Structure formats: structure tokens, C-alpha cells
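First the structure, in the form of C-alpha cells, and then the observations on it.
All figures in this text were calculated on a predicted structure; none of them were measured in a lab. Residue numbers count from 1 along this sequence.
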Amino acid sequence: MMERLRLRLRRMDYTPLLLIAAMALMWALLHAATGIRPFGYTGYNTYTLQALAWRQGQTFIENRPHLELAVFNGQYYISFPPVPSVVLYPLTFLFGAKTPDNLLVKLYALGACLLMYAAFRRAAYKKWNAACAAFLFTFASSLLPLTLEGAVWYHAQVLAFFLTVSAICLMTLDKPTPALFLYALAVGCRPFNVLHGLPLMLIYVSLCRRAGESYGYIAKRMWKGIVLGLMVAAAYAAYNFVRFGNPLEFGHNYLPEFSFQGGKQFALSHVVKNVKEFFFRAPFYVQDGAIHLQKFGFSLFIACPVLTLLIVWFVQDLWQKRMTGEKALIFVCFLAHLFLLLLHRTFGGFQFGARYCADLIPYAFFYQLMRAERKEMPVWQLCVLGVLFLFTLCGSMLIYL
């Protein structure tokens, strides 16, 4: 009995524990440097306030001037999709308005990293390679500073990241029902994440067909998840209609900056400005003869280097004639999603790097999983990600100092 237990312990994969330890060390360093409470709550606790309002049978909250609130018919509403409030709702019974937002964003990122590791291992990556890839896909990016503080914008984005990665992993495990359900929840955090659904479903169909399954079998496997997803979408539409009389209106168009101050939330005119800033702006600038860090907004190819690698992989696959319909679909959806983000007036606003581009990282993860001929990430690519991780680590400290 003891010998069997020893054998089982010897065969166990302890790499996830090492990943958790690396993440804990990283966050300990960042919080020690910035003074932010790692398990605390934030003053930008919009989703918690919405959950507390639900407990009182209301969809509106009292005015908080420091929050981004929609103003409609004299009432103040949360101007973001509601799914993070669903997560926070049960926590309000324990913590009231002081839900541990700063801890939650870490748990989401930790979960996404471990899921990526498991997916790479199933794709026959070596342990060290899978661990490095999972860690750097997650944290060598503008997602890292979002995990320090669970403010409303960051909470939604990191939760959407976790849900999208979860959906991809479950779909590759032939579990379409929970995958599509979690994908629908991700859209309720970040609406443009709806574009992840196209590769998610069509690639599942393609993989099933390649395995010799009939369309009837595929429909039987997918219908429950599609119905669940549509039910979730119907819940969003109903909630929007109750609040704003429009099933497609989450509230951003009723923010003062867009409703009566003359700003445009989405416009083609924003694309040129955003391309200049988030394609070509360097992370440093010179002022009075000194070099300074560009804290808020610079090239996404540096801020999220795995997206640069995604473009490299796409070109490589074209050149080496290894392009498949699955890879092409992922890349086209990545470009479409990026274009929609570039239409936004601020592309994320107050941020380090290019915050909105964290929404695009799952495309790179999915694309890499579809490169069946690759059983590991090349060392030079991991080194590039590693160097830019260190840069992001230092930058994440500096923006809070």
C-alpha cells in the first residue's frame, strides 16, 4: 500500500505547484513595491455595488462621482456588462461592499495560467516548456498590471480572459456544452469577446469532421451548449431592456462623456490615432534630455509580445505551407477583433502598455494549440517573452509609484 502511494507521488506532476509559487513570488514582489493590498478591496468596486443593489431588488445605484456610471431617466446605472457582479453577488453576503477584488483578479489569472499549462501538456509539450509558455502567455503582457488591483475595468477584463481560456481548453477536451456556456459568460464581461465564438465552434466542427464524425453527431454534441449560450445572451438582452429599453445597450452610450459632452465611443476617426499610439509609439520618450518610461499607452507589439509572435507564426505557416483552415480562421478573427478595439476612443485609457490587447491573447493560445506539428515553443521565442515580462514587471511597479 505504502509502496503504491510512493509510486503515485513520484509520478505526480508538481509543475503546477511551481507555477503557483512563481506567481505568488511575482505578486509578493509587486505588492511590496507598490503598497497595494494584495487581498484588499478597491474604491472602484462598481460590480460589488451592482450586486448589493440586486439584493435590494434594484438595477440602479446611488451616484458615485468617481465611477463611470450611466445616467438614464434620472437614475445612475452600471455602464458595464453584468457578469462580474454575478461572481461577486454571493461574496457580498460575507464581505458586504468590501469584497476582495484584488484577490479575485489574481485567482482568475492563476486559473488561466494553469489551464494553459494543462492544455500544452496534453499537446505533448515538455513540462518546462509548457510551464514557461503558460506563464509568459499570461504575464508577459498588459494583463500583468491588471492583476494588482480589482478595479471595475480590470476585474471584467481578467475574468473574461479566464473564461475565454477555459472555453478553449474545454472545447479541445471535447466538452462543448460547458465551453460554450463559459464563452457566453466571457461576452458578458467584454462584449467584443463574442468574436472568439467563431473559431471556438467552427474549429470544433472541423476537428470532429476530421475524426470522421457526422454532422448529426456534431449537432447532438453542440446543441445544449448553443442553447445555454443563447439563454445567457437572452438574459443580457432582458437586463439591458429593463434598464435602458434597448436589449443591446449595456449603458456606455449613456455615460456623460458620450451622451451630452460630444464624445464618440466608437468611430473610424479613432483608428488612425490608435494605430499611431498602439502600433508605433515607443515605450520610452525623451524630455529635457532625460529618458522617461511611457507609462500609459505604447505599441501593442511590445506590450503584448505574444501577439507579435502570433503574426510570426502565421507568416511562418504560410511560407512553410502549413496553413490550415483552423489557423487562418483564428488569425482572421484576431484581426477583426483588433480592428473593433481600435475603433474605441481611448483603447483602454489609463493603462500600462495596451490594456485592451489582453483580450486578444487567447487567439495566440488557440493558434499555438492548432500547430499540431509543434510540440514545444522555440527557446528564442520564450526568451523574447521573458525579456518583455521583466520589462512589464518593472513597468507595473512604476505606474503605481
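- When every heavy atom of Gln265 is checked against every heavy atom of His270, the shortest pair comes out as O-CD2, 3.8 Å.
- In this structure, the side chains of Cys394 and Leu390 stay at 4.5 Å or more apart for every pair of heavy atoms.
- Here the CG atom belonging to Leu228 is positioned 9.0 Å from the CH2 atom belonging to Trp223, to the nearest 0.5 angstrom.
- Although no hydrogens or angles enter the test, the distance criterion places no donor-acceptor pair under 3.5 Å between the side chain of His337 and the main chain of Tyr363.
- A distance-only check finds no donor-acceptor pair linking the side chain of Glu213 to the backbone of Gly216 [under 3.5 Å].
- Of the listed residues (Phe60, Phe72, Tyr76, Tyr77), just one forms a ring pair (Phe, Tyr, Trp, His ring centres under 6.0 Å) with Tyr254, and that residue is Phe72.
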**Report entry** Worked check of side chain to side chain contact (heavy atoms under 4.5 Å, CB included) between Leu310 and Leu360
**Finding:** CA-CA 10 Å; Leu310 172 57; Leu360 305 175; over 6 Å; no
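- Phe365 CZ to Thr138 OG1: the interatomic distance, rounded to the nearest 0.5 Å, is 9.0 Å.
- Across all non-hydrogen atoms, the minimal contact from Leu173 to Arg122 is CD2-NE, 3.3 Å.
- The main-chain N or O of Phe95 is never found under 3.5 Å from a side-chain atom of Thr99 such that the two would form a donor-acceptor pair.
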Query raised in the report: Could you go step by step and tell me if Val332 and Leu198 meet the side chain to side chain contact (heavy atoms under 4.5 Å, CB included) rule?
Result: CA-CA 10 Å; Val332 168; Leu198 196 58; over 6 Å; no
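- Contact detail for Met370 and Lys327: the closest heavy-atom pair is O-CE, 3.5 Å.
- Judged purely by atom type and a 3.5 angstrom limit, Arg281 has no side-chain atom pairing as donor or acceptor with the backbone of Lys276.
- The shortest distance between side-chain heavy atoms of Pro362 and Ile168 falls below 4.5 Å.
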Query raised in the report: Passes side chain to side chain contact (heavy atoms under 4.5 Å, CB included), Phe296 versus Ile399? Steps please.
Result: CA-CA 8 Å; Phe296 307 116; Ile399 62 170; 4.2 Å; yes
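- Identified under the salt bridge (Lys or Arg N to Asp or Glu O under 4.0 Å) test for residues 180-198, with sequence neighbours left out: Arg190-Asp359.
- Rounded to the nearest 0.5 Å, atoms OG (Ser166) and CG (Leu115) are 4.5 Å apart.
- The structure places NZ of Lys127 at 5.5 Å from CZ of Arg121, a figure rounded to the nearest 0.5 Å.
- Taking Arg210 as the reference, Glu326 meet the salt bridge (Lys or Arg N to Asp or Glu O under 4.0 Å) condition, with sequence neighbours excluded.
- Ring geometry for Tyr356 against Phe347 counts as tilted: the plane angle lies between 30° and 60°, on a 0 to 90° scale.
- In this pair, Phe120 and Tyr125 present their aromatic rings tilted. The plane angle is within the 30 to 60° band.
- With Gln157 contributing its side chain and Arg355 its backbone, the two residues share a donor-acceptor pair below 3.5 Å.
- The environment of CD1 in Ile291 is sparse: at most 12 heavy-atom neighbours from other residues, nucleotides or ligands sit within 6.0 Å.
- For the pair Asp317 (side chain) and Met323 (backbone), a donor-acceptor distance under 3.5 Å is absent.
- Taking the centre of each ring, Phe301 and Phe279 come in below the 6.0 Å mark.
- Between the Arg371 side chain and the Arg322 main chain, no donor and acceptor come within less than 3.5 Å of each other.
- Remark: aromatic rings of Phe352 and Phe298 are close, center separation under 6.0 Å.
- Side-chain N/O atoms of His155 and Tyr47 include no donor and acceptor closer than 3.5 Å.
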Query raised in the report: Going through the distances and angles, do Phe135 and Phe389 end up as a ring pair (Phe, Tyr, Trp, His ring centres under 6.0 Å)?
Result: CA-CA 10 Å; Phe135 185 88; Phe389 163 71; 5.2 Å; yes
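- Ring planes of Tyr44 and Trp153: tilted class, angle from 30 to 60°.
- In this structure the side chain of Asn63 never reaches within 4.5 angstrom of the side chain of Val71, judged on heavy atoms.
- Leu393 has its side chain within reach of Met397: a pair of non-hydrogen atoms, C-beta onward, lies under 4.5 Å apart.
- Counting non-hydrogen atoms of other residues, nucleotides and ligands closer than 6.0 Å to OH of Tyr285 gives a total above 12.
- No hydrogens or angles considered: nothing links the side chains of Asp101 and Thr42 as a donor-acceptor pair under 3.5 Å.
- Contact check for Phe93 versus Arg55: side-chain heavy atoms found under the 4.5 Å cut-off.
- The closest side-chain heavy-atom distance from Val306 to Leu136 is not below 4.5 Å.
- Considering every non-hydrogen atom in both Val87 and Leu159, the closest pair reads CG2-CD2, 4.0 Å.
- Here the OG1-CG distance, from Thr324 to Leu329, works out to 9.5 Å after rounding to the nearest 0.5 Å.
- Contact of the Glu149 side chain with the Thr34 side chain is not registered, since no non-hydrogen atoms from C-beta on lie closer than 4.5 Å.
- Of all the heavy atoms in Phe278 and Gly297, the pair that sits closest is CE2-CA, 3.6 Å.
- Side chains of Ser141 and Thr392 form no contact here, defined as non-hydrogen atoms less than 4.5 Å apart.
- Ring-plane geometry between Phe331 and Phe334 is classed as tilted, the angle between the planes lying from 30 to 60 degrees on a 0 to 90 degree scale.
- Residue Asn45 holds its CG atom at 10.5 Å from CG of Asn102, rounded to the nearest 0.5 Å.
- Distance alone, capped at 3.5 Å, is enough to place a donor-acceptor pair between the Arg221 side chain and the Asp174 backbone.
- Between the side chain of Tyr89 and the backbone N or O of Thr48 there is no donor-acceptor pair closer than 3.5 Å.
- Between the side chains of Tyr117 and Asp13, at least one donor N or O sits under 3.5 Å from an acceptor N or O.
- For Ser79 (side chain) and Glu68 (main-chain N/O), a donor-acceptor pair under 3.5 Å exists by modelled atom type.
- Heavy-atom contacts from other residues, nucleotides or ligands closer than 6.0 Å to NZ of Lys375 number more than 12.
- At most 12 heavy atoms of other shown residues, nucleotides or ligands fall within 6.0 angstrom of atom CG in Leu268.
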